[in-house]
2 protein chains.
Amino acid sequence: MNEPDGGNRRSRRGRRPGESGTRNAILAASRKRFAEQGYDNASIRDIAVAAGVDPALVHHYYGSKESLFIAAMRLPNIPGLVGKALESDPEALAEGRLGELLARTVVMIWEDKTLQRTAIGLLRSALTHERAAAMLRDFVRSTIFGQIASTLRSPDAEYRVSLAASQVIGLLMARYVLRVEPLASASGQEVVRAIGPALQRYLAGDIGTDSGTA
Amino acid sequence: MNEPDGGNRRSRRGRRPGESGTRNAILAASRKRFAEQGYDNASIRDIAVAAGVDPALVHHYYGSKESLFIAAMRLPNIPGLVGKALESDPEALAEGRLGELLARTVVMIWEDKTLQRTAIGLLRSALTHERAAAMLRDFVRSTIFGQIASTLRSPDAEYRVSLAASQVIGLLMARYVLRVEPLASASGQEVVRAIGPALQRYLAGDIGTDSGTA
DNA sequence: AATGTAATTCATCAGTCGTAGAATTACTGC
DNA sequence: GCAGTAATTCTACGACTGATGAATTACATT
């Protein structure tokens, strides 16, 4: 007779006793893989292995790779975080510390591993996957554009914000994706000191157009 | 009656009369595809179709996808261009126009379609393909770092240059890959006016460390 | 004219991918 | 205890991928 409770028999078919937390394991593993390899290079089989699970379970829970990606990349309300940061320091705009505030928020968000993976996954996947690019644009729009552009009272607010966004994106790319040294190893404080004033200038300084504080 | 480049007879086997320029067609098509889709998503079959050629010819000429990528991404001496720009304006450093000069050079390089495709192809592929990432780092090192960092006389020259690189990379990402508006549609002149001073500050201004022009 | 070499196409292989369905096992409500 | 449902694994399909080798045609040299 065969033993039903071998214990270490891996390829045992059927349901396992107790709670397995498989659904969350898949989600976490997919975040990791999407962040490290991007949408196309992260295969469902890889994700399943990383989650210690059969590939078919991924489909069972999330239906398709696309849906899994969407579920994995749904960010824990970052626009809310940015909005809170703005509200917590209402003087920032008047006192010319908007850029510094934005830089601090970005660096702070980055300290959360899950948020970091999500954002990098989006960034990585956006380059080859149109759906991911759309999600990233939406994210940028709702976060930076929505929350910040409305704070500015400038006719070229959107241009200013897109400039700031370019610096933020470049920071993430250089620091976390391409790992350009020594920027990649610099501390968050240093980065805020270096980037903050540049963002401030983009948002409210003289950028060569007719508006702005000369 | 005799059509030298018969457009309708597709499946004619064997060598064609006259010069075909197939080798270059493949290279050009691969640059386009690599730039648009990145290394992994650009298939050899796609490239062959874009070049109007049988897929096996790609292997015949370039041996493997990897070698084709290396051949396609070998840049027409950009470090030389940057060096020339620096030599042509030796006063730039002293007069605080180094950032503007760098911005102008970047924007200028971008006007060449082939260079643009090559750089974007590298950028896109770097995120999922380790080989491409290494090529891109080498390129950044030899170009920006080698030519510019040596011009600066600062102990934190490399940190400064990596900051400038982050802004340049972000500009390319936002403008040409993610197409964030209105930055993507802004003219080269506008961009130079907006970005130049930021680069200048990174390279020679006060960035919150102990060196720099306060 | 003969011969060797370069250019081109075709058929095919082994591998990977996303996906689907059937089979097996456990848990829950009656 | 029985039925239904949820969780898990296995097997497989069709599409696509990079790569290879043989067959076919043109050109260059003799």
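This structure is a prediction, so every number in the text was calculated from the model and none was measured. A note on names: the letters A, B, ... follow the listed sequences, proteins ahead of strands, and every chain is numbered from 1.
- For the pair Tyr61(B) OH and dA19(D) P, the computed distance is 18 Å after rounding to whole Å.
- In this view, His129(A) and Tyr39(A) satisfy the ring-ring contact (aromatic ring centres under 6.0 Å, His included) rule, not counting sequence neighbours.
- The distance between atom CG of Asp54(A) and atom P of dG18(C), rounded to the nearest whole Å, is 14 Å.
- Between the CG atom of Leu68(B) and the C1' atom of dA19(D) there is a distance of 14 Å, given to the nearest Å.
- Within residues 29-47 of chain B, the residues that have a heavy atom under 4.0 Å from DNA chain D are, in order of number, Ala42(B), Ser43(B), Ile44(B), Arg45(B).
- When each of dT8(D), dT20(D), dT19(C) is scored by its nearest atom to the side-chain atoms of His60(A), the top-ranked nucleotide is dT8(D).
- Salt bridge status for Arg175(B) with Glu190(B): absent, with no side-chain N to carboxylate O gap under 4.0 Å.
- Checked for salt-bridge contact, Arg137(B) and Glu130(B) meet the test: a charged N lies under 4.0 Å from a carboxylate O.
- Comparing dG21(C), dG21(D), dA19(D) by their nearest atom to the side chain of Ser64(B) picks out dA19(D).
- Between the side chain of Ser67(B) and the backbone N or O of Gly63(B), no donor-acceptor pair lies under 3.5 Å.
- Rounded to whole Å, the distance from CG on Leu57(B) to C1' on dG18(D) is 15 Å.
- Separating the CD atom of Glu66(B) from the P atom of dG18(D) is a distance of 12 Å, rounded to the nearest angstrom.
- A side-chain donor-acceptor contact under 3.5 Å links Ser185(B) and Glu181(B).
- Rounded to a whole Å, the NZ atom of Lys65(A) is 13 Å from the C1' atom of dC16(D).
- Checked by atom type and distance alone, the side chain of Arg117(A) never pairs as donor or acceptor with a backbone atom of Arg31(A) at under 3.5 Å.
- Here dT8(D) presents its P atom at 16 Å from NE2 of His59(A), a figure rounded to the nearest Å.
- Which of dT8(D), dG21(C), dT20(D) sits closest to the side chain of Ala56(B) comes down to dT20(D).
- The side chain to side chain contact (heavy atoms under 4.5 Å, CB included) check on Ala126(B) picks up Leu178(A), Ala133(B), Leu136(B), with sequence neighbours excluded.
- The distance between atom OH of Tyr62(A) and atom P of dT19(C), rounded to the nearest whole Å, is 15 Å.
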